[in-house]
Amino acid sequence: MNALSEIKSRFSSVLSEFVDDPTELLNMIRPAGDPKFGDYQANCAMPMGKRLGKSPREIAAELVNRVSLDDFCETVEIAGPGFINLTLKDDWIKQILTAALLDDRLAIAKVANPKTFVVDYSSPNVAKPMHVGHIRSTVIGDAISNVLRFVGHDAISDNHLGDWGTQFGMIIYGYKHFLDREAYRTAPVTELGRLYKHVRKLIDYHAAVAQLPEAEAKLAELKTTLAELVSREPSGDKKEDKQHNKQIKLLSDKIAEHAERIESLMDKVNEVKNTPDLKSQSERHSGINQAVLLETAALHEGDETNKKLWEEFLPYCRQDIQKMYERLGIKFDYELGESFYHEELANVVSDLEAKGFTKESDGAICVFLDHHDAPMIIQKRDGAYLYATTDLATIKYRIDHFNADACLYVVDHRQSEHFEKLFDVAKLWGYGDAELTHVAFGTVMGPDGKPYKTRSGDTVGLAGLLDEAESRALEITRNQNPDLPDQRHKEIATVIGIGGLKYADLSHNRGSDYEFNYDKMLALRGNTATYLQYSYARVQGILRKTEADVEAIRANPSAFEFELDIERQLAVKLIRFGEALDEVLVEYKPNFLCNYLFELSQLFAQFFDQCSVKDAGSESLKTSRLQLCVLTARTIKTGLGLLGIGVLDQM
Ligand code: ARG
């Protein structure tokens, strides 16, 4: 049983007598910030007082009078201007703890109305190696799917691989013009990666050459405007001058940003210009940008050679990506990539056309939407379909085929506009009953506060990141436990290294950017996986020292005793695991589970300092404390497991 949702449901019927929709008021029932105010606090009397023109204390008294909580709350008190403080009955807490001991799911109730979710995450473009940006989608999506399943929903994970786009046009072009046959024979994955990068370089070169004149003109224009602004005499009016300085600052920032962009374009140009081989190739392949598009189009139109090459490349590309998933311990129910939908795309367009939702604009077929200036293009003038068209076919499939009640898209926030339009078109099209949610996330930043890049400006490869996290973890464990065999060190390093990396990502609010920092993610103190894994290992140490028989304890629980305050506090935290899971699912934010596990571990550390298990004084208190230890370890293990992170019996 989940105390918070039980309290809310009891209040819900009472509040409904006062307002039509009590949702907002129910959100004001929360865990108490300080144990001296009890375990939970309901603050809804304040806004109600205002609305109903009565004193909040009066309202609070009325609510307390009507709500029935006696069976599990010890006291219901009104405090201050009208706070309602609730304290759980110790007996009730103990009863829940006992149920949790006995139950493999820690007595977390399953949802009353299970739904089918399709969770779209990871979804890399397979023709290029995975990079740092793919961590977020992969670990956040995995954690959300795990939590959904744990609470009883049906969560179908689907890796929407980008296996049909321009990247394939690029490697096909590369294969036809730049292939090193011997390298392809011995290490095809590496050679395809090289071809991708090579073609990318030439494309970027030509694009940069084309963009530079305009970018430079723009920079000169901005500089002239700045010079004018700077030369203007101060007016003497304070407000006006402040405004003036602000404008200068804004413009200077813009100039710096622009200069940086030009620098990066110049880098791309110079790299090719200064390498004789590349330079002559760029001249011979001056039409490469267009040519790559043509190769892609030929593939889509069923050109035999290109189709064959695509079929040949795809398994290699997937092999490489699969290796990453193995290292991360990630599995998908489905991997229906973009190519899976390509035969449906014409139907999507003709169906939307037949229903009258499309308009032609400049030869392209578009869906115009109320809340967006630009329409969603679903077929280009040359007949090509787009990313959006595939996504529409995908929504149709997920809802028709999987009976999805909800489709979640764990994708970079930079695609927000795409998803807003996509969902609007899907609603028009008749798929409005399902929940469609873009679970967006921010960027992984480097130590300089900018998107994490290598020194040469490339995105940071995922394989290298995992290697580095593991090798740092290896060094830490070797130093900490010099006596362990090296094989064991390696196992520990994987759990700590990969776990630390995942947790660093998951513990940040997904909406924000976060800084990638190995030292922080592997620190033993603070809100890190290592700290939680350490707390877990500490419990295992206690269980070993006291030679506790965990199975027997679990099968035959004894009475719990709260001798010291901290024991009760730890107990209340333990029974709140289900609330943390609920919180994760409100906005699909795994960081709530991280926070919960961190706070639980902190309370456990206090318990560990204050409460001796071995010398508890009485056999019954010792058992009660052991039971709290067992529950703490199981909660941490289960919680970390849902986040895709492992634990160790000894660290
Ligand atoms: N492959 C895309 C990319 O790398 C992400 C796909 C996300 N999922 C989707 N259904 N659009 O940007």
Side-chain angles (χ1 to χ4, degrees), residues 117-142 144-145 155-171 193 196 200 296 300 310 313-314 317-318 320-322 324-325 330 332-342 344-345 348 376-378 385-402 404 406-426 429 431 434-444 451-452 458-462 510 588:
F117 287 79
V118 174
V119 190
D120 177 324
Y121 64 94
S122 199
S123 309
N125 296 331
V126 299
K128 45 188 179 184
M130 284 175 86
H131 58 75
V132 59
H134 293 116
I135 295 181
R136 300 215 77 180
S137 172
T138 309
V139 304
I140 295 171
D142 185 52
I144 291 170
S145 310
I156 298 169
S157 57
D158 185 12
N159 189 6
H160 188 74
L161 296 168
D163 59 359
W164 194 242
T166 323
Q167 307 87 34
F168 277 94
M170 287 162 70
I171 47 178
Y196 172 79
R200 171 96 262 166
T296 316
H300 291 175
W310 177 80
F313 298 158
L314 196 58
C317 297
R318 291 182 70 150
D320 208 30
I321 283 170
Q322 193 48 41
M324 289 307 122
Y325 293 137
I330 305 271
F332 298 93
D333 297 321
Y334 293 90
E335 291 195 312
L336 305 176
E338 292 176 10
S339 64
F340 177 78
Y341 299 98
H342 86 274
E344 274 308 305
L345 304 183
V348 169
M376 170 167 260
I377 305 175
I378 56 173
Y385 301 105
L386 297 98
Y387 180 55
T389 328
T390 306
D391 257 333
L392 284 169
T394 310
I395 289 186
K396 178 174 162 56
Y397 185 81
R398 288 175 178 167
I399 294 178
D400 290 351
H401 180 83
F402 292 125
C407 300
L408 310 184
Y409 296 81
V410 188
V411 183
D412 195 306
H413 69 107
R414 280 169 296 193
Q415 295 195 27
S416 297
E417 201 185 327
H418 163 73
F419 285 108
E420 279 169 27
K421 286 183 179 174
L422 177 70
F423 299 161
D424 281 353
V425 176
W429 198 18
Y431 291 102
E435 173 195 335
L436 301 171
T437 302
H438 177 199
V439 180
F441 53 81
T443 308
V444 182
Y452 197 24
D458 289 333
T459 46
V460 182
L462 185 53
R510 64 171 168 78
Y588 309 113

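Read the numbers this way: they start at 1 and go in the same order the structure lists the ligands and their atoms. Predicted model only: the values in this text are computed from it and were never measured. Just the heavy atoms: all of them, side chains too, but no hydrogens, waters or symmetry mates, feed the values below.
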- request: Over 60° means perpendicular and under 30° means parallel, so classify the ring planes of Phe402 and Tyr397, tilted if in between.
  value: perpendicular
inquiry  = Parallel, tilted or perpendicular, judged at 30° and 60°: which one describes the rings of Tyr121 and Phe332?
reply    = tilted
Using a 4.0 Å cutoff against the non-hydrogen atoms of [X], which atoms of ligand 1 qualify?
| X | value |
| --- | --- |
| Asn125 | 1 (N), 2 (C), 3 (C), 4 (O) |
| Phe419 | 11 (N) |
| His160 | 8 (N), 9 (C), 10 (N) |
| Gln415 | 3 (C), 12 (O) |
| Tyr409 | 10 (N) |

re atom 6 (C) of ligand 1, the protein heavy-atom contact at minimum distance is Tyr387 OH, 3.2 Å
I want to know if ligand 1 touches His134 in the polar sense, i.e. an N/O pair below 3.5 angstrom. no
Check: His300 main-chain N/O paired with Trp310 side-chain donor or acceptor under 3.5 Å
no
Any donor-acceptor N/O pair, Arg136 side chain to Gly442 backbone, under 3.5 Å
yes
Any heavy atom of Asp391 under 4.0 Å from ligand 1? The part involved is side chain
Would you tell me whether Asp391 and Tyr409 have side-chain atoms, one donor and one acceptor, within less than 3.5 Å of each other?
no
One should read off an interatomic distance between Ser157 OG and Leu408 CG, to the nearest 0.5 angstrom, of 11.5 Å
Practice item. Examine Phe423 together with Tyr431 and report whether their ring centres are nearer than 6.0 Å. Key: no
Min over Gly162, Ser123, Ser137, Ala388 of heavy-atom distance to atom 2 (C) of ligand 1 lands on Ser123
